[in-house]
Protein chains: 2
Amino acid sequence: MAEEKEAARWRIIADLLRNDVLEDHYQPGQALPGEAFLASEYATSRPTIRKAIAQLAGEGLLTVAHGRGTFVRPTPDRRLILTGWPDHEDLLNPAYDPAKQGWEHVTVPSEAERAQSKVTPNSALFMTAEGSRADILAVRRGTMVVYRYAYWQHTKTRARIHLSSYVLADQVATIRGEGSGREIESHVEPEDYYAHLERQHGPLRWTTSVHARMPYGETYEDLGMEPIGTPLLVVRRVMLSQHGRPLEFTEIEAPGDRFEAASVSDHHTAEPGGLAALRV
Amino acid sequence: MAEEKEAARWRIIADLLRNDVLEDHYQPGQALPGEAFLASEYATSRPTIRKAIAQLAGEGLLTVAHGRGTFVRPTPDRRLILTGWPDHEDLLNPAYDPAKQGWEHVTVPSEAERAQSKVTPNSALFMTAEGSRADILAVRRGTMVVYRYAYWQHTKTRARIHLSSYVLADQVATIRGEGSGREIESHVEPEDYYAHLERQHGPLRWTTSVHARMPYGETYEDLGMEPIGTPLLVVRRVMLSQHGRPLEFTEIEAPGDRFEAASVSDHHTAEPGGLAALRV
DNA sequence: AGCTATTTGTTCGTATGTATA
DNA sequence: TTATACATACGAACAAATAGC
């Protein structure tokens, strides 16, 4: 017969605490007993209690606040990011006003630090495509693209998102030479990117994808996320020529606990209430 | 002027190690030096190193294996879950064969444990709606629904997903009485749920939503996920009557590092290669 | 404003257990 | 079997953030 190998103590305690949280033994927002109290309660040491709490925080169930206590994490309603709408706007167009969807531009902490940088929100920067950017646009690494970005904040809920866009550079500019000797002559203004691409390649096709990953680095602060236990939702919309060639893609990064992506089969009926959702 | 408050040592080390990983200083799959070595390398203690490593594991960058070492987590290609297709099949229909999409039924660890349970995959169980299930179907908690579930495994990649479905019980059965004295007379077989609902309420409308959360409990084992640092991708497809009344919804839970949800604007062109994607 | 009590955060040393090669 | 690696656990001390007076 199989020996009953007992689980680690911190795991047992985590299971007990998780049960208490899921069974509404503690209400959302409510503080748990202090670590010292729990340690004596479960006849163990503080490090063991902390390990159990860290586990539940990583599962998104608890939030730990230095000097204040440990709390059951409230689960806010998720705002909608509506995909698959018939019309596709250039959200990174400098002339685009997010206010009509209930959003406003914001400056995030990491931007404030590098204020002297060359890149600024909604400006267009020529750079080389690397990694997944190159893959999505189906070009070699090193191919030139135009990068634009912005941070938006939802006016009511103050939830933030990060938007970025990559346009194949040779679609909007003439590039001479190679490497560092490259010369770029832009002949399309960022205000006209989408109109220009549609004239050149229309009718356009679009694909949308949604995935999730764990955030790291400055993303937490920039998007005002919980430092642990919250995934990052990534929505990508790719513009394709009628022959299937990728021309541009827009990426939205949003805190996974505050947003969901949704689509409806019928666009003529039942628009979810007014400014509630972001259409992308 | 602002005092430079130094970050915690484990945080500094985590930043350094993260840089090494992201800069491909260590290759995916490669082992990092042992904890003891790193501790002496950074002139600190093993617990501090472990804290830094735990942070990066939570960010999905490292995988720690007991007795083997710490490794850079390989990022597998994500399989597609294609949403918004014109046809909507009942994936929980006992007659539905997942093999035609390249999948097979599997029994997961938590099922094996409760083998004597009344619920079995692809059987229909009458139960009461609670929490988000009730919200999605827009019914009061306690309203009866029919619950079905299954676990599928992708034949090639062995990636697993969890499917479940909830049908409003009064659509497929007659319910007499209240509470525990309730009597249920089912007059539609699970094989005919979708056809029956379409006859009663067609033409149908559909919405799809995608969100992410952190998994907990047995989900890790059941879906064969990394125990930390991987979000759970949740895809929900809701069947609505033409008047907007929710009748059923299907939910897919998938490991966030191995799946993404995608949709295309044009269904007539460029189906992504054969059996590659799950259409939902 | 300052002081104090409370609570979580960081770090170390140390010991022992368990999985893997 | 042995060596190596990670896992668990305890105790202790001090730092830092917060709340209340």
Side-chain angles (χ1 to χ4, degrees), chain A residues 2-17 21 26 29-73 109 220-221 226-229, chain B residues 2-18 21 26 29-73 220-221 226-229:
Chain A
E3 277 292 325
E4 289 189 17
K5 44 187 171 185
E6 201 168 334
R9 203 168 309 186
W10 70 263
R11 225 175 263 282
I12 296 172
I13 296 169
D15 289 343
L16 291 170
L17 290 176
V21 171
Y26 301 109
Q30 185 182 345
L32 264 63
E35 294 173 355
F37 178 87
L38 289 173
S40 74
E41 180 87 346
Y42 288 103
T44 186
S45 64
R46 226 187 107 206
T48 301
I49 291 293
R50 282 177 63 77
K51 179 89 171 121
I53 288 176
Q55 171 69 23
L56 299 183
E59 293 173 1
L61 299 175
L62 298 179
T63 290
V64 187
H66 191 173
R68 293 202 295 132
T70 302
F71 304 86
V72 178
R73 197 180 292 191
Y220 298 110
E221 303 167 70
E226 294 278 347
I228 48 174
Chain B
E3 276 293 326
E4 288 189 21
K5 43 188 171 184
E6 199 168 336
R9 203 169 310 187
W10 69 264
R11 222 175 266 281
I12 296 172
I13 295 170
D15 289 344
L16 292 171
L17 289 177
R18 187 191 301 112
V21 172
Y26 301 109
Q30 185 182 346
L32 265 62
E35 293 172 353
F37 178 87
L38 289 172
S40 74
E41 179 87 347
Y42 288 103
T44 185
S45 64
R46 231 189 101 203
T48 300
I49 291 292
R50 281 179 62 78
K51 179 87 171 124
I53 289 176
Q55 171 69 23
L56 299 184
E59 293 172 1
L61 299 175
L62 298 180
T63 291
V64 187
H66 192 170
R68 293 201 296 134
T70 302
F71 305 86
V72 177
R73 197 179 293 191
Y220 298 111
E221 301 167 71
E226 294 279 348
I228 49 175

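On a predicted model such as this, the values are computed, not experimentally measured, just so you know. Throughout, protein chains are lettered first and strands after them, A, B, ... in sequence-line order, and every chain is numbered starting at 1.
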Atom NE2 of A:H66 and atom P of D:dA17 are separated, to the nearest Å, by 6 Å

Quick one: B:R9 CZ to C:dT11 C1', roughly how many Å, whole number?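 It works out to 7 Å between those atoms.
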
With sequence neighbours excluded, tell me which residues meet salt bridge (charged side-chain N to carboxylate O under 4.0 Å, His left out) with B:R18. B:D15, B:E59

Salt bridge (charged side-chain N to carboxylate O under 4.0 Å, His left out) against B:R68, all qualifying residues, sequence neighbours excluded: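 Per chain and number, B:R68 pairs via salt bridge (charged side-chain N to carboxylate O under 4.0 Å, His left out) with no residue.
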
C:dT10 phosphate, OP1 or OP2: any side-chain N/O from B:R11 under 4.0 angstrom? yes

Can you find a side chain N or O atom of A:T70 that sits less than 4.0 Å from OP1 or OP2 on C:dT7?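 So the side-chain polar atoms of A:T70 never come under 4.0 Å of the phosphate oxygens OP1 or OP2 of C:dT7.
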
Taking all heavy atoms of B:W10 and all of B:T48, pick out the closest pair and write down the distance. CB-O, 3.7 Å

Which heavy atom in B:R46 sits nearest to a heavy atom in B:A39, and how many Å separate them? N-CB, 3.9 Å

Would you kindly compare A:R68 and A:A8 by the position of their nearest DNA chain D nucleotide and give the one closer to the 5′ end?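 It is A:A8, whose closest nucleotide lies nearer the 5' terminus.
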
What's the spacing between A:I49 CD1 and A:I13 CD1 if we round to 0.5 Å?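 One finds 4.0 Å between CD1 of A:I49 and CD1 of A:I13.
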
To the nearest 0.5 Å, what is the distance between CD (B:E41) and CG (B:L16)?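 Rounded to the nearest 0.5 Å, the CD-CG separation comes to 10.5 Å.
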
From C:dT11, D:dT8, D:dA16, pick the nucleotide closest to the side chain of B:W10? C:dT11

Pull out every residue in residues 32-65 of chain B that has a heavy atom closer than 4.0 Å to any atom of DNA chain C, ordered by number, or say none. B:T44, B:S45, B:T48

